[in-house]
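Contents: one structure, followed by commentary.
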Amino acid sequence: MTRAHDAAHKWRMYCDETTCETRSEPFDTEPPLNLFVDRGWFIAELWGDVCPDCLGHGLMPTAKPHSLMRSKEESKS
């Protein structure tokens with residue numbers, strides 16, 4: 001998973017697509033994952049988070065989805 005703090009000790013979310021440089025704005029503390037689910041990110045269980053831009057361009061995540069993603073899909077049905 002690529003939710004980490006940067007050199008300034010701020011937490012950011014990074015897209016794991018190798019050609020993408022998308023990252024979130026900095027947070028003082030680790031942000032809740034549901035914030036990113038609500039913003040349209042694919043959140044992986046371990047590694048493979050994908051930003052909304054990459055998803056919008058047709059990237060299909062191959063990682064196992066985080067339980068928050070599964071909960072969101074179940075609530076749609």
Side-chain angles (χ1 to χ4, degrees):
M1 68 179 75
T2 309
R3 299 173 282 275
H5 63 275
D6 60 18
H9 301 287
K10 300 287 185 179
W11 285 91
R12 292 181 183 266
M13 176 74 123
Y14 296 86
C15 182
D16 288 325
E17 173 59 26
T18 56
T19 60
C20 185
E21 295 185 17
T22 297
R23 60 179 172 243
S24 72
E25 72 276 15
F27 294 86
D28 289 330
T29 59
E30 186 173 7
L33 292 179
N34 62 339
L35 173 71
F36 294 99
V37 172
D38 292 345
R39 291 181 178 183
W41 284 69
F42 171 85
I43 307 299
E45 188 70 34
L46 297 175
W47 188 88
D49 300 326
V50 181
C51 73
D53 288 339
C54 288
L55 293 170
H57 285 99
L59 181 84
M60 297 299 294
T62 58
K64 180 179 177 182
H66 190 279
S67 60
L68 285 172
M69 299 297 301
R70 293 189 296 269
S71 298
K72 184 175 182 175
E73 288 303 313
E74 289 168 2
S75 69
K76 285 183 182 178
S77 16

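- Side-chain contact check for Phe42 versus Asp49: every heavy-atom pair is 4.5 Å or farther apart.
- Atom CG of Leu33 sits about 8.5 Å away from atom OG of Ser67, to the nearest 0.5 Å.
- Inter-residue side-chain proximity for Ile43 and Leu68 is flagged as unmet; no heavy-atom pair is nearer than 4.5 Å.
- With rounding to the nearest 0.5 Å, the separation of SG in Cys20 from NE2 in His57 is 10.0 Å.
- Rounding to the nearest 0.5 Å places CG of Asn34 at 12.0 Å from CE of Met69.
- For Glu25, the CD atom counts as densely surrounded, since its 6.0 Å shell holds more than 12 non-hydrogen atoms of other residues, nucleotides or ligands.
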Step-by-step side-chain contact (heavy atoms from CB on, under 4.5 Å) determination, Leu35 to Met13: CA-CA 11 Å; Leu35 173 71; Met13 176 74 123; over 6 Å; no
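- A ring-centre distance under 6.0 Å is found for Phe36 and Trp41.
- The structure places OH of Tyr14 at 12.0 Å from OG1 of Thr22, a figure rounded to the nearest 0.5 Å.
- Residues Cys15 and Asp53 form no side-chain contact, since every pair of their non-hydrogen atoms from C-beta on lies 4.5 Å or further apart.
- Contact of the Ser24 side chain with the Pro31 side chain is not registered, since no non-hydrogen atoms from C-beta on lie closer than 4.5 Å.
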Salt bridge (Lys or Arg N to Asp or Glu O under 4.0 Å) assessment of Arg23 paired with Glu17: CA-CA 11 Å; Arg23 60 179 172 243; Glu17 173 59 26; over 6 Å; no
